[in-house]
Structure formats: C-alpha cells, structure tokens
Chemist: 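The structure is given below, and queries will be raised subsequently.
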Number of protein chains: 2
Amino acid sequence: MGCLDDGRFAVEIENGVSVGRGEVGLGNEGGGVIEDAVKVLLEGLGEDVNREGLRKTPLRVAKALREGTKGYRQKVKDIVQGALFPEAGLENRVGHAGGAGGLVIVRDLDLFSYCESCLLPFQVKCHVGYVPSGERVVGLSKLSRVADVFAKRLQEPQRLADEVCSALHQGIKPAGVAIILQCTHIHFPDIESVFLDTKHQGWMKVLVSSGSGVFENKTAGVWADFFSLLKFRGINMDKIHFRGPSDPCWCPSQSSLSSKVSSKFGPVNPVMITAVASIIESLGEDPLREELIGTPSRFVKWLMNFQNSNFDMKLNGFLCGGSVNEEVNFNNKKISSELNIPFWSQCEHHLLPFHGVVHIGYLMSDGFNPIGKSLLQSIVHFYGFKLQVQERLTRQIAETISPLLGGDVIVVVEASHTCMISRGIEKFGSSTATIAVLGRFSTDPTARASFLQSIPSPTSSGEQ
Amino acid sequence: MGCLDDGRFAVEIENGVSVGRGEVGLGNEGGGVIEDAVKVLLEGLGEDVNREGLRKTPLRVAKALREGTKGYRQKVKDIVQGALFPEAGLENRVGHAGGAGGLVIVRDLDLFSYCESCLLPFQVKCHVGYVPSGERVVGLSKLSRVADVFAKRLQEPQRLADEVCSALHQGIKPAGVAIILQCTHIHFPDIESVFLDTKHQGWMKVLVSSGSGVFENKTAGVWADFFSLLKFRGINMDKIHFRGPSDPCWCPSQSSLSSKVSSKFGPVNPVMITAVASIIESLGEDPLREELIGTPSRFVKWLMNFQNSNFDMKLNGFLCGGSVNEEVNFNNKKISSELNIPFWSQCEHHLLPFHGVVHIGYLMSDGFNPIGKSLLQSIVHFYGFKLQVQERLTRQIAETISPLLGGDVIVVVEASHTCMISRGIEKFGSSTATIAVLGRFSTDPTARASFLQSIPSPTSSGEQ
C-alpha cells in the first residue's frame, strides 16, 4: 500500500480543487513540498510566517511528517530477515505447540500513528501474539518494529491491525498471529461547539483485533489464552469486534456534532485544501484513495479553529457572580479556586494539538466572588483556540483574569502535547505543567503551596 | 566529558591487564573493536560463536552499544540552538517570573542510561523544570533531548542529574533549572547467592535531584512548587538528598552480598577483562577514569553467571513432597500450581538481562504433590542462568518438570527484557509472556483457562 501508480496524473478532489502531480517524483524526499504547503496553511490562518515562533514551523512540520510516515519507505522483509531463530519444539508436542513451546505474547507496546481521516496522530497500545511453527521463533523486538512500519503511515485502526497481522504472518510463517490494538484519538471540539458540549471527552477510544491461522476463528481457545494474559489492562474480550467497511469511521472529525455545525469562517479555503493534498501526495500516498478524499478539507476545517482572529473578547457582559468550587482559608483572605477547566490548543511550533486542564486560584476577602466559572472557561477557550505555546497561554490567562480578580492570582496549566508523543521524541505519558503567578502569589510561597496542594491529582491527560 | 586526551597512551587497569590504545582512533566507529571483544566474551563463556542464535550477537551488541552511548557524540548547543523562542514576561512581574510566566515542568520522561559501574542499562524517569528568564522559553521537547544526550553515556544517577542540570542552565540561561530522576537498576543476584537470598528484590531504586540558580537552595519555595506538581508519583521530597562522592555506589554489582561471595569459577579471565576495557575505550570513554577502573572485571564476573556449564542437574536428591500454593478443582483431578517463581536470565541475542516470574501448573489426583517449591525454583534457576531466549526457557522448564509431575503441565513465563527498553526500541513498560503446554493442557482449553485465571495479576516486572 502507499504506492502510487507510475506516470503523471491529475487529481480532482472534492470542492473541485485540482491537484497536479507536478515535479514531485516518488523518489523525492518531499520536504520542500511540505514546507511550501505549511506556509500556505499558516498564511491561510492569518499568521505572519516570518514571526520568530513560526519561522521554522514549516521545516519542523515537514521533518515530523517525514519521520512519522517513514513506514511507507520500510520493508518488513528487511526487518524480519536475520531475526528468525531455530528453536526446537516441545518433545512430545501436540496441538499448535510447534515452535519452542506455545503462545508468545509481547504486551503494552506504545506506538503512534496518523489518522487518515484528519491527519492528526493517534496513540496505539499494541499487544502482539503468535504461535511459533516450523521450529523457529522471531526476535521479540521485531514484533514491535514490524508493527511500527504500519503505524507510521496514514491509518485507520482496523486496517492497521490487519496489516500488522498479515505482515507478521507472512514474515514469520507461524501457526497464527493475534493483534490487539487500543487506539486513542484526540477528540477536538470546534470552537463553536465547545461551549454547547460541556461534557466533552478529550479522547476517542477504539479497540480492534486481528487474527490469522489458529487465531482466525474468534472463538478459538488460543484467543482465551491471549486474553487471560492481558487481563487488568481494561480489555474486555466481549467488547472487541471486527470493524468492517460498514462501521462508521472512528475519527471525531467525521462525528455528527462536528459536521453539523456550520463554520462561521464560511467555505473552506481551496488553496489550503490543495496544499494539504500536496502534503499527502508527497508522503507517498494517493490523495484519490477513497478514505483520503475528504481528508484535506477536514484537516483545513479543523485547522481554521486556530485562525488568528482580531476580535476582542468582551468581558463586561460576562461579569456576574458565580459559585466557586473550592475555598481555602488563608490569613484574613480566602484562596478561591476553579480547578480542572478543560482547554484545547495548537502548538505553533509543530501544528499539533495539546490539551489538558487549567487551574485558577485567587485571593479574595470572604464572600466576594465576582466571577463565574463560565467566564473563566470562556477566557481559557479564547486563548486556547490559537496557535500557541503553553507558556504564553498560561501568562495570557493570568494577565486577563488578574484585573478581574483583585490582582493576586495563580494559574496552573497541565497538558499533554501531541508533539511529545509523535515525531522522534515519542515520550508517551509525559506531561507539561506551567505556572504563572501575580501579586501575592509571586512573593508568598505559602500562598502558592496552599493552592497547589488543593489541586486534587495531576490530571493524567496523556493517559489512555 | 567523554573526551580522551590526545595522543596514544597505554592503560594498566586492575589485575595488571594492559590495554594499548592500538589502532582505534577517536574518529573510528569502534564497531569492529566491539564485535571482536564480544566474540572473546562469548568464547570465555564456553559458547560456540558460530551457533545460529549467537552468530550475529557481536554485531547486535556493537550496534546497541553505539546507539546507547551516542550521547558522547552529541552537542547540547546543536539541540538547543534554534529552539529558544521569545516570549514576553508577565506584565507586572515580580520575583523570578521573568519569562512567559513562572515555572515550566515536563514530567515523566522515560529514558535509559548505562551504569558506569557494571555496563548494564538502567531506567530513568526524568522530571525537568526551569524558570524562564530573559523573556525566552525553550521548545519543550528539547528538555527531553538534552536529558537524553547525557543519559546515553556511561553514567551514575547523581552525575547524570548534575550534567543535565548544568547543560540546560548553560543552554537556556534561565533563572534556574531543577532535575529529579527516579532511577531503577536491575538487581541481579549471583547464581551462588540467589538461593540464600530468597527475599531478593528485582530492582535497585534511587532518587536524585539537582538544581541551579533559583533552585540551588534546596529549601527554596520554588522547589515546593515543583514537588506539588509531582505529587502522586511516589516522590517524597524528604527522601531526596544530594548524593556526594562519599555515598556508596548504588550499583548492585558493588553491594556487599555480591562481592563477598567468591566465585566458584575462580579468578576472572584477564582476556575477557581486556575485551571489556577495549569496548569502554572504543565508546569514547577513558577506562582509567576512577569510576570505570573496576568496571571490566565487575562486568565479566557478572557475565560468568551465564557460563555454558555442562554439569547435570541432579533431580533425584531434590525429590520431596512440599506444600502447594494454589489448588483449583478440575473434574476428578486438581490443578496444582506454583505462581510467581522469580527468575533471572540473559538474552543471548543482545547479552542483556531479562527477568520476571514463572508460573507452573500441573494436574494431580487429590492429595498427591510429589514436588516442592524449592525444587521448582532450582529448575527455574538452572535454566535461567544461561544465555537464553524466553521461548526456550519456557520449553526447557516444561520438559524437565513434565516427567516429575505426571505429564500434564503448563508453564507461563512473564518477563521484562532489558533489550526492549534500551537500544533503538525503547518500549518502556512492555512485557513478554510465553506459554508451554504438555499433556492435557495442550488439548483442553478449559484446563488452560482454569490455570491462567488463577494467576493473580500480570506481574508488572518492568514497572518502576
């Protein structure tokens, strides 16, 4: 897969935008094409591509995309070759114990992949099993490496599972291969629907499996063995079903809520769509493949959430007293706080989302709470839906709320960054916290400590 | 660090073994030197270097070591350069909120490093914080990349923390940098002491910190902020202390138990020691550096645990009835089981340890338990202390216990492999399970299920 037909062709994707193959050959690294396309996207967002934070963004995005889709340029044969080792089978073996013994399982492999429907990375916890045959076993790390070849492409969970399963079956020639993937996709609301959808969950999750050989039958006893050794991982055998072509796409960009809300930005910019299609093509994919046809316009539509808009936030109309979640007595004043206010934002260095929660604390005389949670949520969204860095987001929230809340404020932002789990970094489970302090909170460690200790738990927003 | 002086020199390490600089220049990739040295080590273990599982082991070890110590060839300046971004500070800032806001923390970065005392990889959970200054912030991923430069060397936890702290301070020029490392080192018993030391723990853990600028004072309020945002990670501020030169080395290879037991293999082979010293030198390290002087002999002494010995295990003397942990009624018979028998072994593909637990189940008529846990433990250790692969270990245990236990046996081995967390793979938290079944367990899925469900929890042997 991922191979384009030979020869030149012209592509007409939806919205009537024409994409010529141009001078981008298959052998071309495609870096230049992606960089040019990213510049078009940044300009479409109303950004100055020469501002310092963005100057190298096209280069960074191109590098990340090339690295993140290197599976198109890898061959399973090269990986497995030389890593098949002879191992005698059990002496008086019966059943499928044809290799060293019976089932071999490698659990909890953290991978990431790119969603073919919206181009955002998604996380994969991968569990691989196989039953050796022909008295040979494969080096354990190869199971991870082969899975990664198919993860580092534009994917959909079921196809990813099927492709890994099939490649391992052909490469190892075992009695059977079993794959279980726990996939987690960031669930990004539109700026327009985020206020309506207050119970919004940050992640879309899906569980898929694929089996070959002795695992082809979903009710085979060997599947039960596999599941027994995966227990306590939140995997329920009954919840897994084969996702067929008729199942709805898992990607939140295709969910009803997102698609129903019409964009206030009007029709999607065709130049930006063409730019995204050229990125897909330069990665070695066919923009005409059925699943990819709507991808450029979905990506652009999502990206436009972070448009550099100039409208001022009108705070006056919002000012109204509201309930406060937490109060901590502190000398003559009270530390009031609003904890776990959700936010979504977009890293301007990599054009990748980061999201998490904001905790806000402020010192108030007893009984005086001038501000409601809904206003704080509005302020957080206002600064979130931009090309951002977390440090700036934290400062901007602090500076905006400070005059409204008496000047003694502390803002803590906890986030998981997609740019930390994808690209060359792949630091799954890492999270970033930033603090901004003004007034009394900047000079009084005891005030800070009182507030920080009231935060109930580090919101493990990066967790599956 | 890691730079050798110019010019040639001759080294005399302990045991009087002489190591000439030879033809290995600093610019040399050192692959050939390491491969030759690994062949010497395999021969010293009594192995046939041409046997299929070992044929490419020298190549694999060389590749892994070059990859795992690439930090010697990386410059922090190259990483940080171009990733410092201007960010305005808080408008009415006071105290140390000189950058965007205040403290920036990246938590839970999984790294691995190599212990300079024994050459085995150890795991690091790294938490990095800094307070911006000069109105500029650094790209978040650079904190991880810089930490990795120093992790990918021969290290000791406190020096690793200090070097990362100092490099970030010089690279970012912030108001201060804070580093906390949770380090986990495999604790590998000698084959001779493993029976005496029944409460043996699989991991040695140490917690270190390092601070610069506003973090230089350990009692500064900003440390309290840092710890508040690390809570629930099992980190106790009071348990951290600066490890000075007078503190005992954390490496288990220098612990009293290991060093007191004299090796039954006699004096350590000087040719093998020379080989290890040549590996250290070819990585770009000075084998004469104080902390490295005893490393070759410690590594060889440890490696000799896996000598290919020809002595037969005498089972007859061990045969005695013993108590059985668990019993599950199964038709007319009972499934007896011994769960969580610890084992240690050495991956023959990478010369890296793997360890975990063995679960053994067997079908017996009521009341007939011919074998004790201590014999099962002996059998497990016998097959563990070799150059191994987990699949073979599982089969060998099953074949050995089968005639002793009536023929209906199931063996499950759960292990975490150092070769899966180090090298290019770095799949932290992954674990491998293998199953071997004989007799009734190979034909009856219900019998397997009954046993597998009795395993209390997947022993997360890879966890910190």
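Quick note on labels: first sequence line is chain A, next is B, and so on, each numbered from 1.
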Chemist: Out of the candidates B/Val412, B/Ile435, B/Val437, only one should pair with A/Leu103 under the side chain to side chain contact (heavy atoms under 4.5 Å, CB included) rule; please name it.
Modeler: B/Ile435
Chemist: Would you call A/Glu391 and B/Leu140 a side-chain contact if the rule is heavy atoms closer than 4.5 Å?
Modeler: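 Touching, per the 4.5 Å side-chain cut-off.
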Chemist: Is any side-chain heavy atom of A/Leu452 closer than 4.5 Å to a side-chain heavy atom of B/Asp225?
Modeler: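 Yes; the side chains approach each other to less than 4.5 Å.
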Chemist: Tell me every residue that passes ring-ring contact (aromatic ring centres under 6.0 Å, His included) with B/Phe354, counting only those two or more places apart in sequence or in another chain.
Modeler: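 ring-ring contact (aromatic ring centres under 6.0 Å, His included) check on B/Phe354 returns B/Phe343, B/His417.
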Chemist: Looking at A/Pro445, A/Gly221, A/Ser228, A/Ala433, which makes the most heavy-atom pairs under 4.5 Å with chain B?
Modeler: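 Maximum pair count with chain B is reached by A/Ala433.
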Chemist: Among B/Thr434, B/Val106, B/Thr432, single out the residue with the greatest number of heavy-atom pairs under 4.5 Å to chain A.
Modeler: B/Thr432
Chemist: Could you give the distance from OG (A/Ser431) to CG (B/Leu229), rounded to the nearest 0.5 Å?
Modeler: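 One gets 9.5 Å once the value is rounded to the nearest 0.5 Å.
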Chemist: Holding to ring-ring contact (aromatic ring centres under 6.0 Å, His included), I want the full list of residues that pass it with B/His349, two or more places apart in sequence or in another chain.
Modeler: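 B/His349 satisfies ring-ring contact (aromatic ring centres under 6.0 Å, His included) with A/Phe85 once adjacent residues are dropped.
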Chemist: For the backbone of A/Asp110 and the side chain of B/Lys427, can you confirm whether one donor and one acceptor N or O come within less than 3.5 Å of each other?
Modeler: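 Yes, because the side chain of B/Lys427 sits within donor-acceptor range (under 3.5 Å) of the backbone of A/Asp110.
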Chemist: Check whether A/Arg55 gets within reach of chain B through its side chain, its backbone, both or neither, counting any heavy atom under 4.5 Å.
Modeler: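 Contact with chain B involves no heavy atom of A/Arg55 at all.
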Chemist: So what's closer than 4.5 Å to chain B heavy atoms on A/Val389: side chain, backbone, both or neither?
Modeler: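 For A/Val389, the side chain is the part near chain B, not the backbone.
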Chemist: What closest approach, in Å, do A/Glu52 and B/Pro86 show between heavy atoms, and which atom pair accounts for it?
Modeler: CG-CD, 3.6 Å
Chemist: Does the side chain of B/Met420 reach to within under 4.5 Å of the side chain of A/Leu109, using non-hydrogen atoms?
Modeler: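 Yes. Closest side-chain heavy atoms under 4.5 Å.
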Chemist: Determine, for A/Glu414 against B/Arg107, whether the closest basic-nitrogen to carboxylate-oxygen distance falls under 4.0 angstrom.
Modeler: yes
Chemist: Supply the atom-to-atom distance B/His127 NE2 to A/Ser430 OG, rounded to the nearest 0.5 angstrom.
Modeler: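 One finds 11.0 Å between NE2 of B/His127 and OG of A/Ser430.
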Chemist: Tell me if a side-chain donor or acceptor on A/Arg395 pairs with a main-chain N or O of B/Ala88 at a distance below 3.5 Å.
Modeler: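 A pair under 3.5 Å: yes.
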